[in-house]
Amino acid sequence: MRRYLLKRMLTGLLMVMISVAINFVLVRLAPGDPMVMLAGVDNPNPAQIAALTEKFGLDKSIPEQFFIYVGGVLRGDFGYSYVNERPVLALIGERVGPTLMVTLTALIIAVAIGTLLGVRCARKSGGVFDQIICGLSYLFDSTPSFWLGLMLILLFASTLHWLPTSGMVNMRAGYTGLARVGDIAYHLVLPVSTLALITMPYYFRIARSSVLQVMSEDFITTLRATGMSEKRLFNKYVLRNALIPTVTVVGSSLAHLIGGAVFIETVFSWPGMGQLLYSSISKRDYPLLSGIYLIIALSIAIMMIVVDIVYSLIDPRIKYTD
Amino acid sequence: MSLLDIKHVDITYHVGKKDVYAVQDANMSIEPQDALGIVGESGSGKSTLAMGMLRLLSERICTIDGEVIFDGKDLLKLSDEELRKIRWTEISVVFQKSMNALSPVHRVGKQMEDVYRIHRPNASKEEIRSRVIEMLKVVNLPSRVYTSFPHELSGGMMQRVSIALSLLFNPKLLVLDEATTALDVVTQGQILKEIMALQEQFRLTRVMITHDVSVVASTCNKIAVMYAGRMLETGYVKDVLVHPKHPYTQGLLKSFPSFNGEKEELRGIPGALPDLSVKPTGCVFAPRCPYATEQCRTSLPTLQTVGNQWQAACHQLGGVSNGGN
């Protein structure tokens, strides 16, 4: 087990390095020059552009730039954002909280409700309730998140005025303390609902098909023949076997949470990582972009190892040998 | 008095809009400490009959008519709660594919304890544990099996676990559904021998479902031959397998090699099982039977007594008797 973990950490590190290198090169190969944007697109001053290019080291070759960047990262220096003139890590640090607030809440709701519905539908598969929920799950599965977000804004914010259209806090009110928490929660409702509705079908289908599959297993017939009550049979034996796939899928989707939900954060003007990523792409803010990708790659690598460990804990059939 | 009486049992599967008549008019009676072998090819309805009489088939996919009288009670008419009490304490089953007979994520011993607790809810931890370990010992398993997971055991060991589990409450009737089919012949031989010894020790009545006539010949005293959902011949093994009356039984025996005696040509039965969703007008075996006449194709033969508890359903009994030798 220990050697296996060590091996996994090394491959994880390698994966992060490769992804950072690819991202680093790729964004620089893309059309568009950040210095032109900084100098002003409408009235570019060649002397200023040249000065900026030299200041940020963009006049060096790409391999050279890459080694300077990696050297900085190893010392904990992720560079400065061109646009914001602030350390990349500080910018990301500000955004991680709001992003996790949306993505984690939505994930918990989607997993809980999706799984409950899936289990319920599997127990009475073919019934009216099952058919309705299955239909809805296909509907929401094929709905684009930004469209659903816009429709919810249209209905609950613009028409009914029940909820705010966008943002994380009411800037004008300037709440503090508990009132601020309540205000954030109030702003959280629509983005979280949108994201949860979009992700729910996924967990619904996994739970439903997994329960159905386990219920047709031979050991269920055995235990039923022993006279075990259906309740105990289901709660102890069916669920324990059927929830393994859900746990593993949740684990791997946790890894992607930190990257945020670009569309939803943009639609709701939510100050999170997704929005930061979006604006850094459109402004060609290389250091910020590389920083965000690095954080995402790192969190995926770490979560994958955690998922592997959790997997071996919940399924006795999986053992990692050296 | 017989322990189990199966009377006019029909089992019909509902597949979409079609009905499949998997078992029709099954009749059988089993005395205490009998060992009955039900033989037939795949799709003959033998497993369906066993699962159906124990009410293990989902009521959403099939209907069962007739009577299954076990110890004076009709299993098909009992309430769920009454049935639950009989299950495992009086009738237990060893299923085919024993590798999947237990939950893969729970330890073997814990699952057996769980089963024990169903019918002995007030038993102490010590009592439960010692009973489970005792039963593992009975089927010659080491005590480490208690803390093992199913995937850590071999097919033969899991089969022994299934048998240990089935004997937990010392049931009157033990049903073995293709219990040794998946095992190699050496292990199969050992386990069959152990099962027979256990039958003596626990005074069991046994129903053995198999497609292997040799298993029935070596371990049972009674036999029922099924084909296309119907029982074609029933009786004592020493009668039916020595002087088969029904052309199907005769054909079945010719398709197995014999160890002693002359080297005979092995012959299968030409043709295939009929479509079970069409109710036959005549004998189900008529399309493949070498002796079939017009009468066989138009009227259904009923079981006729041809000896001591020996019955066969065939119109041509007079004409083909001893044709198997």
Side-chain angles (χ1 to χ4, degrees), chain A residues 1 119 121-131 206-207 210-249 251 308-321, chain B residues 47 50-51 53-58 60-61 80-108 110-112 114-121 147-152 158 161-162 165-166 168-169 171 174-175 177-178 182:
Chain A
M1 185 80 182
V119 169
C121 285
R123 286 195 85 165
K124 302 236 162 89
S125 70
V128 180
F129 185 75
D130 180 34
Q131 285 180 6
I206 289 173
S210 176
V211 168
L212 278 179
Q213 192 231 321
V214 171
M215 288 211 292
S216 68
E217 296 270 357
D218 293 331
F219 69 85
I220 297 298
T221 315
T222 311
L223 292 173
R224 187 170 285 144
T226 64
M228 186 177 283
S229 69
E230 288 295 317
K231 204 171 134 197
R232 182 162 182 78
L233 184 63
F234 196 84
N235 291 345
K236 178 157 183 184
Y237 289 95
V238 176
L239 281 187
R240 176 71 172 76
N241 277 283
L243 291 185
I244 292 175
T246 301
V247 172
T248 56
V249 171
D308 272 1
I309 297 170
V310 171
Y311 209 10
S312 74
L313 292 179
I314 59 172
D315 192 336
R317 283 166 293 184
I318 291 166
K319 281 220 173 69
Y320 304 116
T321 44
Chain B
S47 282
M51 294 292 122
M53 71 184 193
L54 300 171
R55 282 186 31 201
L56 288 171
L57 298 172
S58 165
R60 279 158 65 180
I61 57 160
D80 285 350
E81 194 48 36
E82 288 169 319
L83 183 69
R84 215 178 58 75
K85 281 192 186 127
I86 291 183
R87 280 182 171 169
W88 231 249
T89 54
E90 298 193 30
I91 307 175
S92 64
V93 195
V94 178
F95 291 96
Q96 50 186 331
K97 289 184 275 179
S98 52
M99 273 321 276
N100 307 323
L102 290 176
S103 164
V105 297
H106 296 88
R107 290 180 200 277
V108 169
K110 291 288 161 206
Q111 298 192 54
M112 292 180 72
D114 243 17
V115 171
Y116 193 75
R117 216 170 278 128
I118 297 169
H119 299 287
R120 303 274 189 279
T147 49
S148 299
F149 286 104
H151 69 274
E152 293 167 339
M158 271 308 286
V161 168
S162 294
L165 185 69
S166 72
L168 214 49
F169 296 107
L174 178 64
V175 179
D177 183 6
E178 300 275 14

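Numbers restart at 1 for each chain; the letters A, B, ... are given by sequence-line order, proteins then strands.
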Name the option with the most non-hydrogen atom pairs under 4.5 Å to chain B; the candidates are A:Thr222, A:Asp218, A:Thr226.
-> A:Thr226
Spatial distance of atom CD (B:Gln96) from atom OG1 (A:Thr221) [nearest 0.5 Å] = 10.0 Å
Report the C-alpha separation of A:Met228 and B:Arg87 in whole Å, then their side-chain angles, then the decisive distance to 0.1 Å, and conclude whether the side-chain contact (heavy atoms from CB on, under 4.5 Å) test is met.
-> CA-CA 9 Å; A:Met228 186 177 283; B:Arg87 280 182 171 169; over 6 Å; no
Relative to chain A, which of [options] shows the most heavy atom pairs under 4.5 Å?
| options | value |
| --- | --- |
| B:Met51, B:Arg107, B:Arg60 | B:Arg60 |
| B:Arg55, B:His106, B:Met99 | B:His106 |
| B:Gln111, B:Lys85, B:Glu152 | B:Gln111 |

For A:Phe219 and B:Pro104, the nearest pair of non-hydrogen atoms, with its separation, is CE2-CD, 3.6 Å
Looking only at heavy atoms, which two atoms of A:Ala225 and B:Trp88 are closest? And how far apart?
-> O-CE3, 3.2 Å
Please determine which of B:Asp114, B:Val115, B:Ile118 meets the side chain to side chain contact (heavy atoms under 4.5 Å, CB included) test together with A:Leu223.
-> B:Val115
Turns out that what part of B:Leu165 lies under 4.5 Å from chain A's heavy atoms comes down to side chain
Part of B:Ser103 within contact of chain A (heavy atom distance under 4.5 Å) | both
Mind checking which of residues 231-240 of chain A sit less than 4.5 Å from chain B, heavy atom to heavy atom?
-> A:Arg232, A:Lys236, A:Tyr237, A:Arg240
Part of A:Ile220 lying under 4.5 Å from any heavy atom of chain B = neither
